[in-house]
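To start, the structure itself, in structure tokens.
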Amino acid sequence: MSVLEIRGLRVTFAGPRRSVREPRTTVRAVDGVDLDVGARQTVALVGESGSGKSTVARCVLGLVTPQEGSITFEGRPLGPVRRRSPGLHRAVQMVFQDPGSSLNPRMTVGAIVREAWRAHPSVAPAGDRREALARVLADVGLDPGVADRRPSALSGGQKQRVSIARALALRPRLLVCDEAVSALDVSVQSQILRLLVDLRDEHDLSVLFITHDLAVVRQIADRVAVMHRGVLVEDTSAEDLFTTPAHPYTQALLEAARTLEGAA
Amino acid sequence: MADQSVAVVTADRRTTPMLEVTGLGVALPAGAVVDRVSFTVRAGHTTGLIGESGSGKTMTAMAVVGLLPEAAVASGQVRWKSQDLLTAPERRRRQVRGREIGVVFQDPSAALNPIQTVGRQVGEILRRDGLARAEVRARVLELLARVGLPEPERQAGSYPHELSGGMRQRVMIAVALAGRPELVIADEPTTALDVTTQARILALLADLRDREGLAMILVSHDLRVMAHVADEVVVMYAGRVCEQGPARAVLDRPYHPYTRALAGNVPAVTSRTAIAEPLPGAPASPFERPSGCPFHPRCPMARARCATEVPALREIDAGEIDAGGAAPDGATPDEPARRRLSACHFAEEVGP
Ligand SMILES: Nc1ncnc2c1ncn2[C@@H]1O[C@H](COP(=O)(O)OP(=O)(O)OP(=O)(O)O)[C@@H](O)[C@H]1O
Ligand SMILES: Nc1ncnc2c1ncn2[C@@H]1O[C@H](COP(=O)(O)OP(=O)(O)OP(=O)(O)O)[C@@H](O)[C@H]1O
Ligand code: SF4
Ligand SMILES: [Mg+2]
Ligand SMILES: [Mg+2]
């Protein structure tokens with residue numbers, strides 16, 4: 001059974017007006033998506049900028065309510081975030097594409113993680129919290145000194161890692177990563193990818209991994225779904241995607257990646 | 001005749017640096033985050049900043065245009081058109097920002113105004129310049145189209161939160177280019193973009209470089225992008241320069257163990273690879289910089305001397321290795337742009 005099952009997902013947003021006299025246009029951000037993430041699977045979701053990847057992720061988190069379709073987690077329906085039980089809320093965590101605006105600017109990093117533990121005592125560390133905090137930070141390559149700083153006093157990649165640490169501190173069963181390693185150098189990036197692989201092996205973590213970086217996809221994904229203008233145009237094993245891409249958009253994507261790589 | 005003189009002027013413009021950063025430092029109450037960084041940017045060229053997350057790339061780039069956090073104090077010199085921007089009056093700096101120097105911020109959501117349509121934000125500088133409304137609109141739509149925003153007429157009316165992450169990033173690029181700057185500071189400008197969109201942005205910047213002599217300071221963690229775009233690179237570690245020189249030469253044949261670790265780790269798209277080996281140990285914080293060479297706790301080549309003696313950034317005689325056209329075009333052999341600098345006691349022993 002799949003851990004995450006998305007069926008017939010459709011999301012339409014009200015878009016901008018063409019002029020003041022006209023009504024608002026509509027944007028079909030997600031136009032009928034079916035997607036599964038199996039237990040202990042890492043599924044990559046890739047695709048053009050604006051193709052609807054973050055919108056799918058936000059639906060899974062219950063931050064956007066789809067017009068149509070269903071999303072289930074371990075067989076239970078996933079509704080809007082406010083109606084989720086604390087257990088369910090904790091089990092599905094997300095690392096947002098934009099860490100700057102998803103971290104509370106008024107709290108220090110330490111307070112952000114402690115607050116998460118306070119809200120979910122079931123996974124709060126039993127012993128010394130300070131030590132536990134230092135450990136979750138070290139796991140993502142941050143030194144303990146970061147705990148006393150506010151997000152505004154961190155570099156872009158440090159904010160991104162705080163966001164990962166906060167999500168993982170809650171020991172989720174499903175992690176949705178939206179461009180979670182996009183601003184990180186290869187060394188820190190591989191440390192985090194290894195961490196995710198370890199969590200999969202030791203704690204049965206499943207991951208929906210949105211990324212534009214095909215090299216990252218190649219390193220960790222079991223399956224890859226390719227999104228284009230609101231629909232999935234390809235959903236296949238990682239190996240097949242790279243060796244025999246079927247859809248023209250996927251081919252263009254790989255071609256562009258190879259061109260860049262050839263130049264390096 | 002006329003053509004020739006134009007060519008001479010251009011060649012001259014392209015070889016003399018338009019921006020000269022000398023001994024730049026940025027101090028925060030907790031310590032020096034940037035320490036003695038020097039580099040130049042020539043018209044039509046790109047100088048890249050690379051280094052681990054938290055190494056001071058953004059601070060360095062923002063110090064150039066005076067956009068540091070309030071508590072930060074910059075020192076050194078930032079010469080722009082024979083004026084030191086660090087000591088220039090704020091009025092002059094404001095004039096430089098946006099017009100002469102455009103900035104693409106690492107975090108577009110924080111940099112864009114949430115309650116103004118993106119079209120208005122892209123057009124702001126043009127309106128300030130007194131362009132007629134129709135002209136502003138035409139130019140805004142052209143810019144949005146060039147950065148690849150679909151349906152620019154419609155999207156111009158969007159608010160930042162109605163756009164995807166990569167669309168916001170591209171709006172940010174359009175804002176930076178709107179004032180037709182001579183230099184763009186681009187801090188991770190393509191991090192949220194798929195490779196096809198990224199290729200489009202890189203092509204746009206290359207076109208502006210070739211046709212208008214646009215110069216760029218590019219901050220990117222992506223060494224594939226860096227090798228593709230930059231003429232020169234500065235590699236930073238814990239707020240200091242550990243290596244710098246012509247981009248291709250530095251990335252192909254580093255003279256610093258840290259650069260070698262970075263460059264040797266780039267995962268491939270063309271072949272399946274295991275997850276790269278991270279550098280051992282944690283990144284050094286510029287606030288608690290290790291003694292001696294700041295890289296020594298993680299360096300595979302470290303010896304006793306490294307823990308006590310700070311290595312100077314010194315010129316390396318790269319000999320014939322670099323002779324084969326590795327220098328950025330326009331640079332003559334003894335120009336600074338071509339020099340190889342490394343801050344490793346044992347730079348000569350760093351194997352290729
Ligand atoms: N709150 C919103 N209101 C209106 N339109 C929206 C909203 N959120 C997203 N959209 C639109 O939905 C489409 C898909 O956006 P989404 O953020 O899901 O893309 P994405 O695939 O994550 O792109 P990127 O790779 O650039 O982050 C875009 O056209 C975007 O403008
Ligand atoms: N406002 C601030 N106050 C105090 N320290 C700060 C502030 N902003 C950044 N720092 C610290 O300064 C150091 C350099 O930050 P900077 O943003 O320049 O890093 P960076 O190289 O751009 O990293 P990244 O690749 O993660 O964006 C970091 O260790 C960061 O924690
Ligand atoms: S000076 Fe020593 S520690 Fe520093 S990079 Fe060179 S060998 Fe390594
Ligand atoms: Mg997105
Ligand atoms: Mg930065």
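Residue numbers start from 1 in every chain, and the chains themselves are labelled A, B, ... in the order their sequence lines are given, proteins ahead of strands. Computed over heavy atoms, backbone and side chain alike; hydrogens, waters and symmetry mates excluded. Because the structure is a prediction, the values reported are computed rather than measured.
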A:Gln191 versus chain B, heavy atoms under 4.5 Å apart: side chain, backbone, both or neither?
both
Roughly how far, to the nearest 0.5 Å, is the CD atom of B:Gln198 from the CG atom of A:Leu260?
5.5 Å
Rounded to the nearest 0.5 Å, the OG atom of A:Ser155 sits from the CD atom of B:Glu188 at a distance of 10.0 Å
Under 4.5 Å, heavy atom to heavy atom, which residues of residues 207-226 of chain A contact chain B?
A:His212, A:Asp213, A:Leu214, A:Ala215, A:Arg218, A:Gln219, A:Ile220, A:Ala221
Please walk me through it: do B:Asp194 and A:Ser49 pass side chain to side chain donor-acceptor pair (under 3.5 Å)?
CA-CA 6 Å; B:Asp194 61 282; A:Ser49 169; 4.9 Å; no
Chain B contact via A:Phe13 - which portion, at a heavy-atom distance below 4.5 Å:
neither
Is B:Glu288 atom CD crowded by more than 12 heavy atoms from other residues, nucleotides or ligands, each under 6.0 Å away?
no
For a quick test of reading the model, state the closest non-hydrogen atom pair linking B:Arg154 to A:Thr25 and the distance between them.
NH1-OG1, 2.9 Å
Looking only at A:Leu184, A:Val188, A:Leu254, the option with the highest number of non-hydrogen pairs under 4.5 Å against chain B is A:Leu184
Of the listed A:Gly52, A:Gly156, A:Ala183, A:Ser54, the one with the largest count of heavy-atom pairs under 4.5 Å with chain B is A:Ala183
Side chain, backbone, both or neither: which part of A:Lys159 has a non-hydrogen atom closer than 4.5 Å to chain B?
side chain
Let me see the working for A:Glu179 and B:Thr191 under side-chain contact (heavy atoms from CB on, under 4.5 Å), right down to the final yes or no.
CA-CA 9 Å; A:Glu179 300 287 1; B:Thr191 38; over 6 Å; no
Find the one option among B:Ala282, B:Ser220, B:Ser158 whose heavy-atom pairs under 4.5 Å with chain A are most numerous.
B:Ser158
Picking from A:Thr55, A:Leu154, A:Val186, which has the most non-hydrogen pairs under 4.5 angstrom with chain B?
A:Val186
Is the count of non-hydrogen atoms from other residues, nucleotides or ligands lying under 6.0 Å from A:Arg229 atom CZ greater than 12?
no
Is the side chain of B:His221 donor-acceptor paired with the backbone N or O of A:Ser182 at a distance under 3.5 Å, no angle test?
yes
Please classify the contact of B:Ala110 with chain A as side chain, backbone, both or neither, using a heavy-atom distance under 4.5 Å.
neither
What residue in B:Leu149, B:Leu251, B:Leu193 has the most heavy-atom pairs under 4.5 Å with chain A?
B:Leu193
Engaged part of A:Glu239 at the chain B interface, taking heavy atoms whose separation is under 4.5 Å:
side chain
Residue among B:Ser53, B:Pro283, B:Ser285 satisfying side chain to side chain contact (heavy atoms under 4.5 Å, CB included) with A:Gln158:
B:Ser53
Relative to chain A, which segment of B:Thr197 carries a heavy atom at a distance below 4.5 Å: side chain, backbone, both, or neither?
side chain
Proximal component of A:Ala153, with respect to chain B [non-hydrogen, under 4.5 Å]
neither
Tell me, for B:Phe287 versus chain A, whether the close heavy atoms (under 4.5 Å) come from the side chain, the backbone, both or neither.
side chain
Residue-level contacts of residues 243-252 of chain A with chain B, using a heavy-atom cutoff under 4.5 Å
A:Tyr249, A:Ala252
Excluding sequence neighbours, so at least two apart, what forms side chain to side chain donor-acceptor pair (under 3.5 Å) with B:Arg289?
none
Specify which of A:Ala256, A:Ala238, A:Gly157, A:Ser190 makes the most heavy-atom pairs with chain B at under 4.5 Å.
A:Ser190
Hey, is A:Arg24 close enough to B:Glu162 for a salt bridge, meaning N to O under 4.0 Å?
yes
Atom group of B:Arg200 that falls short of 4.5 Å from chain A, counting heavy atoms
neither
Donor-acceptor contact below 3.5 Å, side chain A:Ser187 vs main chain B:Leu279
yes
Close approach to chain B in residues 134-151 of chain A, criterion heavy atom under 4.5 Å
A:Gly141, A:Asp143, A:Arg149
Determine whether more than 12 heavy atoms belonging to other residues, nucleotides or ligands lie under 6.0 Å from atom CZ of A:Arg28.
no
Find the distance between CG (B:Asp222) and CG (A:Asp185) and round it off to the nearest 0.5 Å.
11.0 Å
Using a 3.5 Å distance criterion without hydrogens, assess whether the side chain of A:Arg194 forms a donor-acceptor pair with backbone atoms of B:Ile275.
yes
